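Read through the structure below, which is laid out as structure tokens, and then see the notes.
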Amino acid sequence: EKTSIIKKNKPSVFSFANFQALHQLYYDPNIENKNLAQKWLMQAQVSPQAWQFCWALLSPDKVPEIQYFGASALHTKISRYWGDIPTDQYESLKSQLFSQIACFSSGSKMVLTRLCVALASLALNTMPEAWPGAVAEMVRVFQEEGGGVDGRARCLALLELLTVLPEEFHTSRLPQYRKGQVRGALGREWGSVCPLLQQLLRRADSPGAVKARVLRCLSSWVMLDVPLNESESLVHDCFSALPDPELFDTAVEAIVNAISQPDSQRYVNTLLKLVPLVLALQEQLREAVQGGDMETCHGICRIVVTLGENHSRTLLEQVDHWQSFLALVNMIMFCTGIPGHYPVNETTSSLTLTFWYTLQDEIMSFESERQAVYLQVYRPVYFQLVDVLLHKAQFPSDQEYASWSSDEKEQFRIYRVDISDTLMYVYEMLGAELLSNLYEKLGRLLTNTEQPTSWQVSATQPHTEALLYGFQSIAETIDVNYSDVIPGLIGLIPRININNVQLADTVMFTIGALAEWLADHPVMLSSVLPLVLQALGNPDLSVSSVSTLKKICRECKYDLPPYASNIVAVSQEVLIKQIHKTSQCMWLMQALGFLLSALPVEEILRNLHSLITPYIQQLEKLADETPNPSNKLAIIHILGLLSNLFTTLDISKQDDESGEGSAPPVKTTPPPPGPNPVVVVLQQVFALIQTVLSQWLNDSQVVEAVCAIFEKSVKTLLHDFAPMVSQLSEMLGQMYSTIPQASALDLTRQMVHIFASQTDHFPPIKALFELVTSVTLSIFQQGPRDHPDIVDSFMQLQAQALKRKPDLFLSESLDVKAVFHCGILSLKFPEAPTVKSTCLFFTELLPHCSDVPPVARVVQEDGKVLIQALLEGIGGGVSRSLMDQFAEVLFSMNKNCFSLLTLWLKEALQPPGFPSMRLTPEQKENFSQQILSRERVNKRRVKDIVKEFTLVCRGLHGTEYAAEY
Ligand SMILES: *[C@@H]1O[C@H](CO)[C@@H](O)[C@H](O)[C@H]1NC(C)=O
Ligand SMILES: *[C@@H]1O[C@H](CO)[C@@H](O)[C@H](O)[C@H]1NC(C)=O
Ligand SMILES: *[C@@H]1O[C@H](CO)[C@@H](O)[C@H](O)[C@H]1NC(C)=O
Ligand SMILES: *[C@@H]1O[C@H](CO)[C@@H](O)[C@H](O)[C@H]1NC(C)=O
């Protein structure tokens, strides 16, 4: 019987009988019993008794699962409850663990690992003072003969222990200052580990399994920032291990970990010695490529890319070795261009893309003279890279592509986007010459009289689709204005024999990418527009053709009038034929909105008429039908088309691009003569929309779609919408009083925003405002909890009214007191957005104590209720994330009714336990004083005071949790 002081403690309440029962429970097929067992185990593990029973669980007569639990419990105790162990027991705990590890070195691997982790944790807690030379001692203990355990098992156990030690260090929760100490101590122990690993790796009689463990152990140690010069010879040994298939993976891992250490670039000589070793792998790489051995390709590529990516600066700077670095770069080029299609035939090439960015970045960061020298060497390399990348970006044959899974297609799509990004960076280095280069290649390809039989031919030169893809990648983000090849490129486009969907898509996207350029060179429009309009009729090209048309209409609208009727006709046709999905139909309407904006008013009207008449007729028919789910979708679709059209149809901006802003913008250009065409159309369809609404008033989606039409129109028309204000106000009022919906309130808010301060429009807006307010107040009387969205929109509307037109609160018919009390109720809502809007309402309300008598009256009479509600929220009633908004309201009270606030605050804080049981009277007094002190004029300070007070109220003051916020 071994004697451990820890083991001799009182007998455990967790008896062995319990564990037998537990074992049965654990293996019970009933999942609930298993969960129960798991929970019990977790509790047992942290209990004080765990120190006693875990040893018993490790006894040889237990099954491995129970032994594993014992070992885990030991690790938990040591790593988390280290403080429980008296200093004088460290030694016995340690020797106990050593002997358990020795026992299990020929037993269950899973238990062995846990025991090693437990001993590692002990070592980390005791080094360097209480256990100096911990690692040296581990090595010594396991190298001693004895214990009846054979040498190989002991050796493997030692390697396991040494491997988990650095890993445990990385996951341990040592305090920061200890981490530094322990890292230093571990670093010094490398002197004991290194010779052992070296000896084991070089011994001819070491079995492969042992060598693989040695390599894993090395991987683990280099992560501790072992200086690269001190692991150098072991890293060389790793290279010698690469030809051995059994060791390949672990050797790659160790090499990659060693050379990607943040510290490793300090060891220039060591790095330089690694370059020839890496270059020597080319033969193995070539063989792997030929043999289709993807794993080996991947591994070797990881090594070469890691060296290149982490050390390109260091290696570039060694000018005496420029040739060997260039050779390394060429090896990476080989990896980039590895044969076959990503991700089906190879997965390696994508690893290299970041390298090219890094290398270019380093070169461009040199001062200009040195940069010029490097560019001389590397520009040709990058031109070659462009060819390689475009070759890799090529689609496989249609037949092969069709056999790919959708996941593979998606990975390929992302891969092409990565290539596109890489080309964009490469453009920074190669500049306009890159575009000329692509253009020449394309020209050669397209003017070659010998037409290839298939659209992609298997040669090393990239093909049409890929070349255009490259072009588009660059043109999409970079201003190509100064490239003189664009006209030539556009001239080439019609020569492309478009016989494939991917090629057609890429042609479209290329045209789209050139939209801004076309705006500067409108004569070229006639060469590309026919292609776009033709593509519009092809459902396979839906996204590319519609988005390209939209870009062209947005950028080139002033040059499009000659083409307008044709564009409208084609669009109309594809809409009627229902070629596109809903979202593309919406984009198409936006495109038409842009297009029409640049036409003379009568032209706009004529086009609008032909464009929307079919929809109006359809809508008339739908309005007559009994509501059902399918006609609902059709109605929403038509309303959506109109909204999208009106979103971009803006005749006011013909010379003026400004107009966005928080205040209602004032038109700088005189309105064109005659009514705005959108208004004309809206007036024509108004009655119809009302009919639709009368059927669908209680369907929030239809109501939303109707409100969206007016919202978009008001947004683009601004004051041009004026003729419709009274009509729409009346309709909104009717809608809202029949069935209240949040979207009606939002539209009302927008009308208040734009029209409330205009004398002409004040009466209808005032009537609408009063009506929706009184309807909402009656909702509050019936219990508003079911409508947090309405309450939210209502509070925003009130805030907008106070901001834009406080006169609305002077009205006899507006019950300001009731609105105020609704605000008090809403402050207590659980929905954060609603509470936020309510705070905004009060923040806008309080400043009007001085100029709006009804507001002054209600604040005077009921302000104390507001203060109570605020304190309740701060005291813990609402989420901490809203404290800034609460502080804003307090700040506003302070500013606008200071003397009353002083009084109310005193009274409100009087009751014991309010707003939190945790507060002492001193803490409350302190808070009042701070809030009312001179600091009250500083909003940021008031926010801090509120934040601190809320922590005290919630019992979080000074906790880690508080700091995380
Ligand atoms: C590694 O480099 C350090 C300096 O960074 C030096 O002090 C140390 O002696 C070198 N070790 C070896 C084995 O060369
Ligand atoms: C080192 O190389 C690896 C592999 O290419 C990469 O993931 C890592 O980000 C690189 N580290 C640095 C600092 O460049
Ligand atoms: C890529 O893999 C596919 C399917 O395995 C095969 O048909 C094709 O020939 C391979 N291509 C290359 C270039 O290896
Ligand atoms: C692009 O070039 C055209 C014609 O050469 C010129 O009118 C236009 O201002 C240029 N645009 C930009 C953004 O430089």
Side-chain angles (χ1 to χ4, degrees), residues 187-188 190-195 197-198 219 221-223 225-236 252-274 278 288-294 297-316 328-329 331-332 335-362 365 388 391-405 407-409 411-412 415 418 422 454 456-460:
R188 288 190 293 279
W190 174 243
S192 312
V193 179
C194 181
L197 299 186
Q198 218 152 30
S219 267
W221 276 82
V222 295
M223 305 276 251
D225 291 337
V226 167
L228 190 60
N229 65 345
E230 291 181 8
S231 59
E232 181 181 325
S233 64
L234 269 168
V235 173
H236 288 210
V252 169
E253 204 60 39
I255 295 170
V256 164
N257 285 339
I259 55 187
S260 57
Q261 272 310 297
D263 203 33
S264 55
Q265 86 260 13
R266 288 174 45 205
Y267 305 98
V268 179
N269 285 327
T270 307
L271 289 172
L272 285 173
K273 280 186 251 169
L274 289 178
V278 174
V289 169
Q290 266 157 21
D293 174 356
M294 277 160 73
C297 291
H298 206 80
I300 293 178
C301 180
R302 277 184 67 201
I303 294 174
V304 53
V305 167
T306 305
L307 184 61
E309 204 175 311
N310 289 264
H311 302 295
S312 49
R313 176 111 202 158
T314 312
L315 294 174
L316 272 172
L328 193 76
V329 171
M331 188 172 169
I332 297 179
C335 295
T336 308
I338 222 152
H341 291 290
Y342 183 92
V344 173
N345 305 89
E346 60 95 7
T347 53
T348 298
S349 58
S350 67
L351 295 180
T352 64
L353 298 180
T354 317
F355 164 75
W356 296 108
Y357 168 67
T358 311
L359 176 63
Q360 176 217 308
D361 205 42
E362 297 298 355
S365 70
V388 170
H391 187 65
K392 293 297 293 182
Q394 265 167 226
F395 280 90
S397 70
D398 288 347
Q399 195 191 4
E400 200 179 331
Y401 189 63
S403 75
W404 287 13
S405 69
D407 189 42
E408 285 163 344
K409 288 178 181 166
Q411 281 186 50
F412 182 60
Y415 175 70
D418 289 344
T422 308
S454 158
Q456 29 76 5
V457 206
S458 55
T460 48

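Quick caveat: nothing in here was measured; it's all calculated off a predicted structure. Because only heavy atoms are used, hydrogens play no part in the values below, and waters and symmetry mates are left out as well, while side chains stay in. All ligand and atom numbering here is 1-based and tracks the order in the structure.
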Next item on the list: Might you list the protein residues in contact with ligand 3, defined as having a heavy atom under 4.0 Å from one of its atoms, sorted by chain and number?
Entry: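 The 4.0 Å shell around ligand 3 contains Gly340, Asn345, Glu400.
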Notebook entry, point to check: Is it the case that Gln265 and Thr314 place a side-chain donor and acceptor less than 3.5 Å from each other?
Noted result: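 The criterion, which ignores hydrogens and geometry beyond distance, is not satisfied for Thr314 and Gln265.
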Next item on the list: Answer with yes or no whether the side chains of Ser231 and Trp221 bring together a donor and an acceptor at under 3.5 Å.
Entry: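 Result is no, nothing qualifies.
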Item checked: Matching residue for Thr352 among Ile338, Ile332, Val304, Thr422 - test: side chain to side chain contact (heavy atoms under 4.5 Å, CB included) ->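 Going through the options one by one, the only one that passes is Ile332.
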Next item on the list: Please tell me if the side chains of Ser349 and Tyr415 come closer than 4.5 Å, counting only heavy atoms from C-beta onward.
Entry: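 Contact flag for Ser349/Tyr415 side chains = yes.
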Next item on the list: Find out whether Pro396 and Trp404 are in side-chain contact, i.e. whether some heavy atom of one side chain is under 4.5 Å from a heavy atom of the other.
Entry: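 Answer yes - side chains close enough.
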Check: Does ligand 1 have an atom that lies less than 4.0 angstrom from a heavy atom of Arg266?
Finding: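 Contact check Arg266 vs ligand 1: positive.
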Note to self: Angle between ring planes, Phe395 versus Tyr401, binned at 30° and 60°: parallel, tilted or perpendicular?
What the structure shows: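 Ring orientation of Phe395 relative to Tyr401: perpendicular.
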Note to self: Are any of the N/O atoms on Ser260, whether in the backbone or the side chain, positioned under 3.5 angstrom from an N/O atom of ligand 2?
What the structure shows: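 No; the residue has no nitrogen or oxygen that sits under 3.5 Å from a nitrogen or oxygen of the ligand.
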Checklist line | Sub-4.0 Å atoms of ligand 1 with respect to non-hydrogen atoms of Glu230 | finding: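 Close to Glu230: 11 (N), 13 (C).
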Check: Would Trp190 and Leu197 satisfy side chain to side chain contact (heavy atoms under 4.5 Å, CB included), going step by step from the backbone distance to the final call?
Finding: CA-CA 10 Å; Trp190 174 243; Leu197 299 186; 4.3 Å; yes
